[in-house]
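Please read the structure below before turning to the comments.
Predicted, not measured: the structure shown is a model, and the values here were computed from it.
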Amino acid sequence: MNLLRLFTLTCITGLTFAAPTKTNVVFILIDDFGYECVTANGGESYRTPVMDKLAATGVRLEQAHAQPLCTPTRVALMTGQFPARWSVHQHFASPEKNRKMRQVDWLDPAAPTLARLLKEAGYRTAHFGKWHLNGHKGPGVPIFADDPYAPSRFGFDEWVSVSNFYDVDPLMSRAGKFEQMKGDSSEVAVAEAVSFLVHIK
């Protein structure tokens with residue numbers, strides 16, 4: 001079975017398709033990591049051999065633009081629209097601060113999403129890692145099963161997520177059931193994504 005996969009190291013999303021003729025796709029979004037940080041883009045500050053190999057063997061989309069903040073970038077990628085269209089202007093802060101900025105506290109579940117569209121086309125979808133589309137709950141807070149802004153409300157079949165950033169040994173939510181993970185957060189998210197991709201039916 002071929003897979004269409006949308007990955008981020010802080011927010012990993014998996015999308016799969018049943019037809020064997022579909023091409024595998026990997027999309028990587030890393031918070032606070034600029035274009036020039038990748039060696040394949042001419043960067044010299046970091047060594048990024050795995051990302052360089054992906055760039056050399058995959059399709060590179062170099063004309064995509066997003067606001068350089070967590071939540072607006074996620075809104076743009078999820079909806080394909082300008083974040084301001086959904087009253088998201090910067091990362092979700094406290095409800096009081098959001099009101100001062102005339103910003104909502106979450107992405108509207110009525111927004112069109114890539115996951116929902118692909119699901120309608122027969123894809124299986126999953127999200128792993130930092131969600132940050134359901135308001136301000138602080139760093140590393142797992143998402144409750146009844147959260148009206150959980151990934152499942154936006155077209156994801158499976159999810160292992162936290163509402164905001166997380167670090168070592170994160171407490172995460174697997175579709176609403178809390179699990180204490182072990183290890184570095186990026187490695188946890190990648191391991192969950194790989195497990196999803198290996199066991200997808």
Side-chain angles (χ1 to χ4, degrees), residues 4-16 27-32 64 66-121 123-167 170-181 185-186 188-189 192-193 196:
L4 175 66
R5 298 168 287 199
L6 176 65
F7 283 99
T8 78
L9 290 185
T10 56
C11 166
I12 296 185
T13 305
L15 305 164
T16 68
F27 176 84
I28 299 175
L29 168 69
I30 307 172
D31 276 0
D32 305 322
Q67 190 169 342
L69 290 167
C70 313
T71 305
T73 296
R74 283 167 170 75
V75 170
L77 291 171
M78 284 281 288
T79 66
Q81 299 175 345
F82 289 111
R85 182 170 186 164
W86 296 98
S87 298
V88 177
H89 309 291
Q90 60 180 329
H91 63 81
F92 288 138
S94 67
E96 298 79 23
K97 187 174 180 182
N98 287 342
R99 278 192 291 278
K100 287 180 184 175
M101 296 183 297
R102 296 184 182 172
Q103 171 168 287
V104 297
D105 294 326
W106 49 77
L107 177 61
D108 187 338
T113 66
L114 178 61
R116 194 175 287 129
L117 291 172
L118 289 169
K119 189 171 177 176
E120 289 172 4
Y123 287 78
R124 285 197 46 78
T125 61
H127 172 272
F128 304 99
K130 176 179 173 179
W131 179 241
H132 213 194
L133 292 173
N134 63 332
H136 177 77
K137 292 186 173 66
V141 177
I143 299 172
F144 288 88
D146 61 352
D147 188 323
Y149 308 99
S152 53
R153 295 292 304 274
F154 294 86
F156 292 99
D157 297 307
E158 299 181 32
W159 45 281
V160 180
S161 310
V162 295
S163 65
N164 204 337
F165 64 87
Y166 57 112
D167 202 351
L171 178 65
M172 301 184 77
S173 174
R174 186 181 302 275
K177 182 179 178 182
F178 290 9
E179 288 187 23
Q180 181 67 61
M181 305 296 190
S185 60
S186 294
V188 168
E192 288 293 329
F196 171 76

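- With rounding to the nearest 0.5 angstrom, the CG atom of Asn134 is 10.0 Å from the CH2 atom of Trp106.
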Item to complete: Any chance you could lay out the side-chain contact (heavy atoms from CB on, under 4.5 Å) test for Leu133 and Met78, step after step, and finish with the verdict?
Response: CA-CA 10 Å; Leu133 292 173; Met78 284 281 288; 3.8 Å; yes
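- By the 4.0 Å N-to-carboxylate-O rule, Glu192 lies close enough to Arg174 to be salt-bridged with it.
- A donor-acceptor contact shorter than 3.5 Å links the side chain of Ser173 to the backbone of Ile143.
- With rounding to the nearest 0.5 Å, the separation of OG1 in Thr71 from CG in Asn164 is 7.5 Å.
- The backbone N or O of Thr125 lies less than 3.5 Å from a partner atom in the side chain of Asp157, making a donor-acceptor pair.
- Cys70 and Lys130 get closest at one heavy-atom pair: SG-NZ, 3.1 Å.
- In plain terms, the two heavy atoms of Pro112 and Gln81 that are nearest each other are CG-NE2, 3.6 Å.
- When each of Phe156, Tyr166, Phe196, Trp159 is paired with Phe128, the ring-ring contact (aromatic ring centres under 6.0 Å, His included) condition holds for Phe196 and for no other.
- Atom CZ of Phe178 sits in a crowded spot, with more than 12 heavy atoms from other residues, nucleotides or ligands closer than 6.0 Å.
- By the 4.5 Å heavy-atom criterion applied to side chains, Leu77 and Arg74 are not counted as neighbours.
- Counting only heavy atoms from C-beta outward, the side chains of Val162 and His132 never approach each other to under 4.5 Å.
- Under the 4.5 Å side-chain criterion, counting only non-hydrogen atoms from C-beta, Met181 is not in contact with Leu171.
- Closest heavy-atom contact between Trp86 and Val75: CD1-CG1, 4.3 Å.
- Atoms NE2 and OG, from His127 and Ser152 in turn, are 11.5 Å apart once rounded to the nearest 0.5 Å.
- Between the side chain of Thr113 and the backbone N or O of Thr79 there is no donor-acceptor pair closer than 3.5 Å.
- Side-chain contact between Leu107 and Phe154 is present, with heavy atoms from C-beta onward closer than 4.5 Å.
- No donor-acceptor distance shorter than 3.5 angstrom exists from the side chain of Ser161 to the backbone of Trp131, with no hydrogens or angles considered.
- Although no hydrogens or angles enter the test, the distance criterion places a donor-acceptor pair under 3.5 Å between the side chain of Arg153 and the main chain of Pro148.
- Within the 4.5 Å cutoff, side-chain heavy atoms of Glu158 are placed close to those of Arg124.
- To the nearest 0.5 Å, the span separating OH on Tyr123 from CG on Leu118 amounts to 5.5 Å.
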